[in-house]
Undergrad: 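Following this message is one structure expressed as structure tokens.
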Amino acid sequence: QKEVEQNSGPLSVPEGAIASLNCTYSDRVSQSFFWYRQYSGKSPELIMSIYSNGDKEDGRFTAQLNKASQYVSLLIRDSQPSDSATYLCAVNNYGGATNKLIFGTGTLLAVQP
Amino acid sequence: DARVTQTPRDKVTEMGQEVTMRCQPILGHNTVFWYRQTMMQGLELLAYFRNRAPLDDSGMPKDRFSAEMPDATLATLKIQPSEPRDSAVYFCASGSSRDRNNEQFFGPGTRLTVL
């Protein structure tokens with residue numbers, strides 16, 4: 001079992017819809033969770049971080065964390081074609097003992113105009 | 001500077017040649033990470049430094065790769081000799097160990113092609 005798992009997609013949604021991206025992780029001591037957006041040919045860009053159970057909202061983005069289920073998700077409301085990218089989930093898997101992150105393989109999101 | 005910078009942005013070389021990639025972390029950051037990204041393997045951690053000391057290089061092929069931090073503003077990743085299978089995008093990221101949130105910020109990457 002991979003430490004951080006994501007559906008590779010592509011996830012195709014129409015413009016204006018809600019895109020839901022999911023990620024599961026294996027290590028129960030994980031404390032920090034991140035979503036990075038990566039456009040084709042570019043570097044990963046940090047867009048959301050979450051540390052406590054529940055929801056965290058930032059503009060059109062909402063991160064949701066459920067530590068009991070070892071599940072973190074990213075919702076993108078009013079999806080735009082410019083949101084089309086690969087979304088990487090990352091987890092600090094070491095209870096904070098190190099600064100290392102474990103990345104999933106990413107979900108490709110395609111927003112159709 | 002508030003961004004991680006990397007040089008060169010693109011590098012094409014022939015098998016057997018030495019390749020050196022450089023990274024300048026964000027000013028004030030004391031953790032530096034080197035990643036390699038390929039279509040097949042995704043994003044792999046090669047090496048990790050804190051306060052210029054290497055803490056983990058278990059992801060790095062030791063026979064040909066080496067990573068150093070000559071000073072707090074420069075990290076280097078060397079491949080000698082390079083092989084075609086080293087072709088990938090190499091990213092540097094930096095963060096602060098004083099940040100309990102463990103956020104990392106990526107540079108633009110070096111696209112390496114070994115012929």
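Protein chains get the first letters and strands the later ones, always in sequence-line order, with residue 1 at the start of each.
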Undergrad: What orientation do A:F34 and A:Y51 show, parallel under 30°, tilted 30 to 60°, or perpendicular over 60°?
TA: perpendicular
Undergrad: Are B:I26 and B:F91 connected, step by step, through hydrophobic side chains (Ile, Leu, Val, Met, Phe, Trp, Tyr) whose heavy atoms are closer than 4.5 Å?
TA: yes
Undergrad: For A:Y36, is it the side chain, the backbone, both, or neither that has a heavy atom closer than 4.5 Å to a heavy atom of chain B?
TA: side chain
Undergrad: Against chain B, label A:Q38 side chain, backbone, both or neither, depending on which of its atoms sit under 4.5 Å from a heavy atom there.
TA: side chain
Undergrad: For a salt bridge (charged side-chain N to carboxylate O under 4.0 Å, His left out) check, start with the C-alpha distance between B:R64 and B:E18, then their side-chain angles and the critical distance, and finish with the verdict.
TA: CA-CA 9 Å; B:R64 297 183 300 108; B:E18 177 178 305; over 6 Å; no
Undergrad: At their closest point, which heavy atom of B:Y35 faces which heavy atom of B:Q104, and how far apart are they?
TA: OH-OE1, 2.7 Å
Undergrad: Taking side chain as everything from C-beta outward and backbone as N, CA, C, O, which of these in B:T31 sits under 4.5 Å from a heavy atom of chain A? Side chain, backbone, both or neither.
TA: side chain
Undergrad: Check the pair A:I76 / A:V111 against side chain to side chain contact (heavy atoms under 4.5 Å, CB included), numbers first and verdict last.
TA: CA-CA 11 Å; A:I76 306 175; A:V111 180; over 6 Å; no
Undergrad: Less than 4.5 Å to any heavy atom of chain B: does that hold for the side chain of A:T105, its backbone, both, or neither?
TA: neither
Undergrad: Between B:Q37 and chain A, with a heavy-atom cut-off of 4.5 Å, which part of the residue counts as in contact: side chain, backbone, both or neither?
TA: side chain
